[in-house]
Number of protein chains: 2
Amino acid sequence: MKASIGDVALKAGVSNATVSRTFAHPEQVSEATRLKVQAAADALNFSVSRSAGILKSGRTYRIALLVGSGVIEWFTAEIIAGLNDVLRDAGYDLVIYPIEGSEARDAFFEELPVRSNADAVFVSSFGISPDEVKRLGTAKIPIIGINTTSEGFDATVGINDKEGIKLIVRHLAKLGHRNLLYLYESFSSTLGFSSFNRISGFQEACDAVDGLTARTLAVQKGDSILDAAISEIMAQDNPPTALCFHQDSQAIPLFFRLQRSGLSVPGDISVTGFDDSTFAKEAELTTVRQRPYDMAVDAAQKALALIEGQPIEEPFETFPVQLQVRNSTAKPRTAPLL
Amino acid sequence: MKASIGDVALKAGVSNATVSRTFAHPEQVSEATRLKVQAAADALNFSVSRSAGILKSGRTYRIALLVGSGVIEWFTAEIIAGLNDVLRDAGYDLVIYPIEGSEARDAFFEELPVRSNADAVFVSSFGISPDEVKRLGTAKIPIIGINTTSEGFDATVGINDKEGIKLIVRHLAKLGHRNLLYLYESFSSTLGFSSFNRISGFQEACDAVDGLTARTLAVQKGDSILDAAISEIMAQDNPPTALCFHQDSQAIPLFFRLQRSGLSVPGDISVTGFDDSTFAKEAELTTVRQRPYDMAVDAAQKALALIEGQPIEEPFETFPVQLQVRNSTAKPRTAPLL
DNA sequence: GTGAAAGCGCTAACAC
DNA sequence: GTGTTAGCGCTTTCAC
């Protein structure tokens, strides 16, 4: 059915090795032979199969990406795009493993399907435990973290979440805000590291400002984060003058809701996000920019170096965050809301 | 370094074949032997390598996904998630090939890297030419289209774009609108099929309504689609009373812009989208719902069947679209805008 | 229930 | 510049 190297060799009247060389090292084959071989290959619709070469090389040419959820939103989409762009050019396949729920998680670390079946593994925004990292380590392949701790990893890329949220807090403080509310969806430990730092960074930054009242509010997944936000804004007793959302995608829907509630941004309330993701610019949302695509490109390059056994100049890299001041933040209102 | 089947066999005092069977067909191995082998395998951190088995089986256990862009937005993210969920469980790797730009495109169809290196190929929302499909066909693997024509494909899944946009037009007509404007970003032919149908479907639906004025407006990629929209709304001369966007992601930013322009939805202008994607519900955008995740799951199942050589009950499947009437559409204003 | 051995398709010494 | 040959690590008949 499918033509193999032997068929081409036969048809071209040369040996298997010559056919192989024609594709792998064309410069080692004479022009005439090369053309003959190529003609035969074209006639038979032949392409070199990677599988055999993979077997010989000892490499799998697969690289795994562990993510905490099967749902691919902004951050993960950017990571996939960045990794894939670099890895594909280098001849590697990126294969995605969503690890959703604790059973799937246990199963993954029990079976460790990447062992003997991947040349490296990325762990993205995944609150992986030290034990799990150790277990992953028995696969004897490089482990690269994306927004994770660096413990047990061969390399990591990530942002300084604390620094990012501190930029937000200082910006609001400078505008005169003295009562901030941080809103986030309660997250499972599988998504922990980056999120945790963002929240604790918020507290730290607020503590550093005299007379600043700050609260954090964890809300169950779903629409209710907006209800919580509105309720807090309308509270009789010392309502916040600014809402800090854990990520842009939670802040954006608030704009629609506020409009219906007759509340204006930033007149009645200042709002901030985190990520500078989809629609943040259009919504004029003050936020912190991070560039997961760039981090992924760098992470992929680190992975390739590690696979080659090359030393890495900076195994643990922190990428810049940047405050994007837009129109969703302003001086706090001086008069009460009603 | 890495333990292979021979090492385990040696340590367990059995043959390679028995080790192989312990993992591939445990029921063919006696309890006692199995335990011995497993103990040895655990001690050596051994896992079966897929590469060798792949070579023997003649399968590659790779399935390619061709997409028109390296950027992964809502639709593609849903497709990837759906395909991956099914294919991973079946032991296949999903590998993503972004085909961006005509050089990359020509290179891809020239080299045809999927030939001998994938067991099936998905083509997603990619205006592939008949010649390209034919060329792809020489790879002798199933080709499954997602939102493509069915010409030359072994199976396809998709929605009826024309029907979808017609639901929008009829809804607006019923509300009393008689002047519609369809806005879209001009798209390259690589993204053609689905988009083209949506636009021509709009025209057809409008033609079917007496006294309905309809125009379509192609805008260059970028922010300017909003400027175009605002300008049209404010036009002296017979401005549209409803704007129909090609997809939700173009309509959403308009909400923010309109607010700043002092225009209200749906009071001053009705707005519709297409997709029911991120924030459509929160923005109360009237739109047409499609479920790319579900289509992808179905496409993946079709692919697996085709690989197995099984007959497919419905190779060319059309998935339902559903009108989501929300608060962004209402009766047209009766008074002039100013 | 287990072992011996062939071979999947290719690559890389090594010889000529 | 080209051919011969030995494997890469596993699976799978075929014996026993």
Side-chain angles (χ1 to χ4, degrees), chain A residues 1-38 40-41 44-62 91 113-119 139-141, chain B residues 1-38 40-41 44-62 91 113-119 139-141:
Chain A
M1 187 95 297
K2 228 177 298 175
S4 79
I5 206 167
D7 304 327
V8 178
L10 201 66
K11 176 147 191 153
V14 298
S15 72
N16 286 15
T18 300
V19 176
S20 173
R21 276 190 286 256
T22 302
F23 291 98
H25 310 285
E27 73 285 359
Q28 295 178 13
V29 179
S30 77
E31 173 96 33
T33 313
R34 210 165 53 214
L35 292 173
K36 244 187 342 188
V37 171
Q38 261 154 2
L44 296 170
N45 277 327
F46 168 80
S47 295
V48 180
S49 150
R50 287 163 40 108
S51 313
I54 285 174
L55 183 56
K56 258 208 101 58
S57 71
R59 297 250 173 96
T60 65
Y61 287 99
R62 301 169 82 241
V114 296
R115 187 167 56 190
S116 308
N117 289 306
D119 299 332
K140 299 280 177 225
I141 55 177
Chain B
M1 186 97 295
K2 228 177 298 176
S4 79
I5 205 166
D7 304 326
V8 178
L10 202 65
K11 176 146 191 155
V14 297
S15 72
N16 287 12
T18 300
V19 176
S20 173
R21 277 190 283 255
T22 302
F23 291 97
H25 309 286
E27 74 284 359
Q28 295 178 13
V29 180
S30 76
E31 173 96 33
T33 314
R34 210 164 54 213
L35 291 173
K36 246 189 337 190
V37 171
Q38 261 153 1
L44 296 169
N45 276 329
F46 168 81
S47 294
V48 179
S49 150
R50 286 163 42 109
S51 312
I54 284 173
L55 184 55
K56 259 210 100 59
S57 72
R59 297 253 175 94
T60 66
Y61 287 99
R62 301 170 80 241
V114 296
R115 187 166 56 191
S116 306
N117 289 304
D119 299 332
K140 299 280 177 228
I141 53 176

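Worth saying up front: this structure is predicted, and the values here are computed from it rather than measured. So you know, we letter chains A, B, ... as the sequences are listed, proteins then strands, and number each from 1.
OP1 and OP2 of dG1(D) both lie 4.0 Å or more from every side-chain N or O belonging to His25(A). One finds a side-chain N or O of Ser20(A) lying less than 4.0 angstrom from the OP1 or OP2 phosphate oxygen of dT11(C). For the pair Ser30(A) and dT2(D), the criterion of a side-chain N or O lying under 4.0 Å from OP1 or OP2 is met. Residue Ser51(B) places no side-chain N or O under 4.0 Å from the OP1 or OP2 atom of dC10(D).
The side-chain heavy atoms of Asp119(B) and Thr60(B), taken from C-beta on, include a pair separated by under 4.5 Å. With a 4.5 Å cut-off on side-chain heavy atoms, Thr18(B) and Ser15(B) count as touching.
Ile5(A) has its CD1 atom 12 Å from the P atom of dG3(D), to the nearest Å. Atom CG in Leu10(B) sits roughly 14 Å away from atom C1' in dG3(C) (whole-Å rounding). One can place CZ of Phe23(B) at 17 Å from C1' of dT12(D), the figure rounded to the nearest angstrom. Rounded to whole Å, atom C1' of dG9(D) lies 12 Å from atom CD1 of Ile54(B). In this structure, CZ of Arg59(A) is placed 15 Å from P of dT11(C), rounded to the nearest angstrom. Look at OH on Tyr61(A): it is 16 Å from P on dC10(C), rounded to the nearest Å. Atom CD in Gln28(A) sits roughly 19 Å away from atom P in dC16(C) (whole-Å rounding). Spacing between atom CD of Glu31(B) and atom P of dT2(C) amounts to 11 Å, rounded to whole angstrom units.
Projected onto DNA chain C by closest heavy-atom contact, Ser15(B) and Phe46(A) fall at different nucleotides, the more 5' of which corresponds to Ser15(B). Position along DNA chain C of the nearest nucleotide to Val29(B) versus Leu55(B) favours Val29(B) as the more 5'-ward residue.
Thr18(A) comes within 4.0 angstrom of sugar-phosphate atoms only, judged by non-hydrogen atoms across all strands, and of no base. Val19(B) comes within 4.0 angstrom of no nucleic acid atom, judged by non-hydrogen atoms across all strands.
Looking at Arg21(B), its side chain comes within 3.5 Å of the base of dG3(C) through a donor and an acceptor atom.
No side-chain donor-acceptor contact under 3.5 Å links Ser47(B) to the backbone of Ser116(A).
Picking from dG9(C), dT11(C), dG9(D) the nucleotide with the shortest atom distance to the side chain of Ser49(A) gives dG9(C). When distances are taken from the side chain of Lys56(A) to each of dG1(C), dG9(C), dG3(C), the shortest belongs to dG9(C). You'll find that the side chain of Ala17(B) is closest to dA5(C), out of dG9(D), dA5(C), dG1(D).
With no hydrogens or angles considered, a side-chain donor-acceptor pair links Asn45(B) and Arg115(A) at under 3.5 Å.
Taking OG of Ser49(B) as the start and CZ of Phe46(B) as the end, the distance is 8.0 Å to the nearest 0.5 Å.
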